[in-house]
2 protein chains.
Amino acid sequence: MVLSRTSQYAVQALIYIATQAPGEPVLNRDIADRLNVPAAYLAKILQSLCKHGLLDSFRGRLGGFCLRDGMQKTSLMQVLLLTEGPDFTKSCILGLKECTDETACPMHFKWKPVKNKIIAMMNDMHLEDLAKAVQTGKYRLADLPAAAMPVA
Amino acid sequence: MVLSRTSQYAVQALIYIATQAPGEPVLNRDIADRLNVPAAYLAKILQSLCKHGLLDSFRGRLGGFCLRDGMQKTSLMQVLLLTEGPDFTKSCILGLKECTDETACPMHFKWKPVKNKIIAMMNDMHLEDLAKAVQTGKYRLADLPAAAMPVA
DNA sequence: TTCCTTAAAGAGGTTTTTGTCCGAATTATA
DNA sequence: TATAATTCGGACAAAAACCTCTTTAAGGAA
């Protein structure tokens, strides 16, 4: 309804990494297993997050990914601007290229405050806090694995 | 950010049709021109809206599409449930299949009220009202045509 | 009846998103 | 040094979303 799958994977992975001991690289495979997400695809996403400075990566034995120093405070908005693109906050719900208070689509003034709530929410949530929430055990980052089915 | 292009085209077209004289079929071509949207694609969308009972269609001369009787009161939510699918209102922002108050993702309780605002908004807006808003001339359904560029 | 106009239907094409695979580079350790 | 473990980079593949084309059927008008 709001985020691409790529964004969802990125956010899940970042939160998961933020729950792990800082400075201890986390394996792509472990993240993928934990989130139940395609590993090769996730690797691409993590690489991209590295290029954008959110993560550090280490090759070879004991390699993996960890949050770049200071990036625990990253807001979801910062992440989404990378994964959804810089126009993430600018979109008209009807798809008009130009939709401002002056030249508005008929939904503009109803949509605007809601959109602003979304933006405020994304600005308000930080990896750190989300990671802590997960660490309490009250919240889940991924669906539970399906129960093993008996073989007919 | 929220709606597929197909949904955007559908909503735009429905509002446009609602601005036209009831009972007077509107040509697919006219709608497409007016909204600056691919005509053949729009035709598919309108056909689907017919099958779902929002529109009536007429073939041959003086043919076209018009709102089915009574459908001026259709809410955007009704439209979006058709174009985005029945899970439109159920989605977890992180993509979890199950994300409820009991088994929640770490964003759940922040996202929930915002999602409910979106749902309320979509339930609140009806074709009729949006059409009237457009008829005042204060709101636009499509981008203005690009100004003709001088040739070099 | 014949012609023109229109939507219907279905096949197919393109683009974007999502996902896979493989070889190369890098690193710790035995 | 050799080996195993890991990310990197690029090419490729599959699926979904978006869009086009062609033919057919239907309806109104000359």
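Keep in mind that the numbers below use all heavy atoms, side chains included, and drop hydrogens, waters and symmetry copies. Note on naming: letters A, B, ... go to the chains in the order of the sequence lines (proteins, then strands), and numbering restarts at 1 for each one.
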Side-chain donor-acceptor contacts of residues 20-30 of chain B below 3.5 Å, not counting sequence neighbours, with atom names and distances?
unit_1: B:N28; atom_1: OD1; unit_2: B:A43; atom_2: N; d: 3.4
unit_1: B:N28; atom_1: ND2; unit_2: B:A39; atom_2: O; d: 3.2

Shared-cluster residues of B:Y139, by chain and number - hydrophobic side chains joined below 4.5 Å: A:F109

Sugar-phosphate only, base, or nothing, as touched by A:L46 at under 4.0 Å among non-hydrogen atoms: nothing

Residues touching DNA chain C, which here means a heavy atom under 4.0 Å, drawn from residues 2-24 of chain B: none

Show me the donor-acceptor pairs, under 3.5 Å and distance only, between side chains in residues 55-67 of chain A and residues at least two apart or in other chains.
unit_1: A:D56; atom_1: OD1; unit_2: A:R68; atom_2: NE; d: 2.9
unit_1: A:D56; atom_1: OD1; unit_2: A:R68; atom_2: NH2; d: 3.0

If you look only at distance, which donor and acceptor atoms sit under 3.5 Å apart when one is on a side chain in residues 74-93 of chain B and the other is two or more places apart or in another chain?
unit_1: B:T74; atom_1: OG1; unit_2: B:M71; atom_2: O; d: 2.6
unit_1: B:S75; atom_1: OG; unit_2: B:M77; atom_2: N; d: 3.4
unit_1: B:S75; atom_1: OG; unit_2: B:Q78; atom_2: N; d: 3.2
unit_1: B:S75; atom_1: OG; unit_2: B:Q78; atom_2: OE1; d: 3.4
unit_1: B:Q78; atom_1: OE1; unit_2: B:S75; atom_2: N; d: 2.8
unit_1: B:T83; atom_1: OG1; unit_2: B:S7; atom_2: OG; d: 2.8
unit_1: B:T83; atom_1: OG1; unit_2: B:V79; atom_2: O; d: 3.3
unit_1: B:E84; atom_1: OE2; unit_2: B:S4; atom_2: N; d: 2.9
unit_1: B:E84; atom_1: OE2; unit_2: B:S4; atom_2: OG; d: 2.8
unit_1: B:E84; atom_1: OE2; unit_2: B:S7; atom_2: OG; d: 2.4

Which residue lies more 5' along DNA chain D, comparing A:Q47 with B:A39 via nearest heavy atoms: A:Q47

Set of side-chain hydrogen bond (donor to acceptor under 3.5 Å, both in side chains) partners for A:K132, sequence neighbours left out: none

Donor/acceptor link under 3.5 angstrom from B:R59 side chain onto base of D:dA26: no

Selected nucleotide, minimal atom distance to B:P38 side chain, candidates C:dA9, D:dT20, D:dA29: D:dT20

Of the listed nucleotides D:dT7, D:dG27, D:dT20, the one nearest the side chain of A:S57: D:dT7

Length of the line joining B:K44:NZ and C:dA11:P, which is rounded to integer Å: 10 Å

